[in-house]
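Given the structure is predicted, the values throughout are model-derived calculations rather than measurements.
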Amino acid sequence: MLTINNMMNNSFILVAILLIIGVLTTKFSSRFGLPSLVFYIIVGMFLSNFIYFDNVNLTQMFGILALVIILFEGGMQSDWKQIRKVVKPSISLATFGVLITTVVIGICAKFILNVTWLEGLLFGAIVGSTDAAAVFAVIGSKNIKRRLASTLEAESGTNDPMAVFLTIALISLIQDPDANIWITLLNFIWQMGLGVGMGLLMGKLTVWSINKINLDSSGLYPILSVGFVILTFSLTSTLNGSGFLAVYIMAVLVGNSELTFRHSIFRFNEGFAWMMQILMFILLGLLVFPNQLVDIIWQGIALSLLLMLVARPIGVFISTIKMGFTLNDKIFISSAGLKGAVPIVLATYPMIAGLENSQLLFNVVFFVVLTSALVQGASITPLANLLGLTGEKKVSSPHTLELVSMGKSASEIIEIQVKEDSTVIGETLTELKLPSDTLITAVIRGDNVVTPTGSTELIEGDIIYVLAPKSKRKQVTQVFINKVTERVDF
């Protein structure tokens with residue numbers, strides 16, 4: 001009994017240390033301009049010298065769960081009005097772009113790794129997609145032009161189904177060369193279609209449930225949202241659909257809808273996503289044995305360079321033909337094809353399937369991901385500045401105000417930003433035609449809190465906090481938007 005308690009305590013201490021180290025490394029990440037995942041992976045690789053860990057199944061399961069949470073958090077932060085403008089190029093990049101990248105780098109891998117054609121293409125499929133966790137973390141914090149940022153975010157959120165499909169299909173062909181390719185293609189169409197349908201259905205159900213169910217504590221709403229996220233992924237996957245696509249679409253719908261306790265949900269999921277990201281990358285780092293990477297250094301460097309400088313650009317340039325992107329735009333999109341957890345998690349599929357060269361593929365994939373994060377992640381901002389692709393500074397409130405209810409409450413505090421096309425610009429608070437039983441509690445202007453009075457005149461960028469009954473949320477928000485009603489319209 002004492003031994004079990006000691007083991008449990010040691011495990012808890014280890015998890016605590018990993019979380020603390022993971023959080024502290026974000027300071028180094030910001031200072032050196034590198035994605036946080038680099039430091040998390042390095043921590044995991046360092047710990048692998050002291051902790052023996054080779055549980056591939058556990059790593060894959062935790063990795064998928066973490067990706068679901070990260071994808072949901074990133075999708076909620078996405079602006080549907082911006083994504084709607086780049087749906088065509090994003091889908092093209094997420095499908096044709098991934099396929100072209102897979103073929104080009106797969107051909108290179110066949111000769112460099114001295115593997116079969118199918119194994120080379122399998123490597124290409126694993127590293128062919130961009131990673132949502134890496135892209136959301138890096139692009140989301142930069143002042144990149146909105147169209148480019150939205151394209152990259154939407155691509156990373158929707159290209160996982162293609163990567164998963166190609167990976168599983170190629171593993172099946174390696175194990176059974178006589179497999180029917182047409183059935184495989186029909187299965188892909190089913191996965192994509194069901195993923196979209198389930199995402200929309202579960203997204204609307206989530207919004208309805210959050211807004212209609214009156215829970216006893218505001219802290220329960222974020223947990224309810226996470227429950228719906230996991231349910232969306234699980235149900236869709238059970239029906240042989242793309243769970244990742246369903247989660248992303250559901251997240252975009254939820255994030256762009258009117259929600260009760262919106263900030264509680266956003267902040268909780270932001271912190272939860274960070275925690276899952278830290279533990280996931282450290283766990284993936286533990287799965288790698290550094291001494292094995294020494295044996296594939298030149299292969300890894302060669303494939304990394306070919307992926308970044310040849311395969312990805314070819315995929316981007318072909319899949320975005322006549323879509324309104326300039327040469328500089330395409331160069332930037334090519335260089336921002338960050339790799340992260342998805343390729344490493346996908347690299348566990350061949351290991352679980354027991355393929356002959358699975359360990360070799362895993363090690364090279366890991367090397368490519370680390371190189372991509374180091375080189376591409378650090379060059380995002382300098383390259384955007386060099387190409388003249390930086391946009392307006394993102395507006396975000398340094399303050400948060402929300403009605404925290406320990407019991408049932410019929411009211412909430414609504415946060416509304418005055419956009420450039422809003423009809424209330426120049427109006428005073430007394431001129432606003434707000435519903436009865438509402439009260440403006442604060443106006444945030446830049447970094448300052450303006451005490452609201454009847455003569456306070458609204459300007460672009462102001463963030464307004466309004467105390468109102470939950471039933472009048474839509475009426476309140478309607479006052480501040482432009483003449484054409486904005487809504488989530490999928």
Side-chain angles (χ1 to χ4, degrees), residues 33-35 37 71 74-75 77-79 81-105 124-125 127-163 248 252 304-340 342-343 368-369 371-392 394:
L34 293 173
L37 67 91
L71 198 59
Q77 302 287 349
S78 300
D79 186 347
K81 289 184 295 180
Q82 297 299 324
I83 292 178
R84 184 169 50 187
K85 299 175 184 177
V86 296
V87 167
K88 186 177 179 181
S90 298
I91 292 178
S92 182
L93 284 166
T95 52
F96 297 114
V98 172
L99 182 60
I100 295 168
T101 302
T102 294
V103 173
V104 174
I105 197 64
V127 299
S129 66
T130 58
D131 182 70
V135 170
F136 288 145
V138 175
I139 299 296
S141 60
K142 310 299 182 186
N143 295 328
I144 310 300
K145 281 188 175 179
R146 286 186 178 181
R147 186 166 188 252
L148 292 179
S150 297
T151 299
L152 289 166
E153 290 174 354
E155 177 202 3
S156 66
T158 56
N159 65 8
D160 291 343
M162 175 60 85
Y248 180 72
V252 174
S304 295
L305 292 175
L306 287 168
L307 179 60
M308 289 186 284
L309 302 177
V310 180
R312 168 72 177 177
I314 289 176
V316 169
F317 274 73
I318 293 177
S319 61
T320 57
I321 292 176
K322 295 183 178 180
M323 292 191 182
F325 290 107
T326 65
L327 176 61
N328 284 356
D329 291 340
K330 293 183 179 182
I331 291 174
F332 182 78
I333 293 173
S334 299
S335 66
L338 294 167
K339 312 303 174 186
V342 171
V368 168
V369 168
T371 307
S372 169
L374 284 168
V375 177
Q376 294 177 299
S379 64
I380 289 291
T381 300
L383 184 62
N385 292 329
L386 179 65
L387 297 175
L389 300 177
T390 52
E392 300 176 356
K394 295 185 177 181

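The only member of V310, I314, V316 that meets side-chain contact (heavy atoms from CB on, under 4.5 Å) when paired with R312 is V316.
Contact annotation: the side chain of T95 never approaches that of L99 to less than 4.5 Å [non-hydrogen atoms, C-beta and beyond]. Residues T158 and I91 fail the side-chain proximity criterion, which asks for heavy atoms closer than 4.5 Å. Side-chain atoms of I333 and L93, non-hydrogen and from C-beta on, do get closer than 4.5 Å to each other. Side-chain contact between S372 and L307 is absent, with no heavy atoms from C-beta onward closer than 4.5 Å. Between T130 and L152, the closest side-chain pair of non-hydrogen atoms is not below 4.5 Å. Looking at M323 and K88, their side chains come closer than 4.5 Å, going by heavy atoms from C-beta outward.
The CG atom of L387 lies 7.5 Å from the OG atom of S335; values are rounded to the nearest 0.5 Å. Taken to the nearest 0.5 Å, the CD1 atom of I380 stands 11.0 Å off from the CG atom of N385. Taking NZ of K339 as the start and OG1 of T371 as the end, the distance is 12.5 Å to the nearest 0.5 Å. Rounding to the nearest 0.5 angstrom, the gap separating the CD1 atom in I83 from the CD atom in E155 is 12.5 Å. To the nearest 0.5 Å, atom CZ of residue R146 and atom OG1 of residue T151 are 13.5 Å apart. Atom CZ of F332 and atom CD1 of I144 lie 4.0 Å apart (nearest 0.5 Å).
In this structure, T390 contributes its side chain and A384 its backbone to no donor-acceptor pair below 3.5 Å.
Considering every non-hydrogen atom in both E153 and Y248, the closest pair reads O-OH, 3.8 Å. In terms of heavy atoms, L71 sits closest to G157 at CD1-CA, 3.9 Å. Minimum heavy-atom separation, G324 to D329: O-OD2, 4.5 Å. Smallest separation of non-hydrogen atoms from A125 and A163: O-CB, 4.0 Å. Closest heavy-atom contact between V369 and G340: CG1-O, 3.5 Å. Between S334 and P313, the shortest heavy-atom contact is OG-CA, 3.4 Å.
Counting heavy atoms of neighbouring residues, nucleotides and ligands inside a 6.0 Å radius, atom CZ of F96 does not exceed 12 of them.
Remark: the S150 side chain and the D79 side chain contain no N/O donor-acceptor pair separated by less than 3.5 Å.
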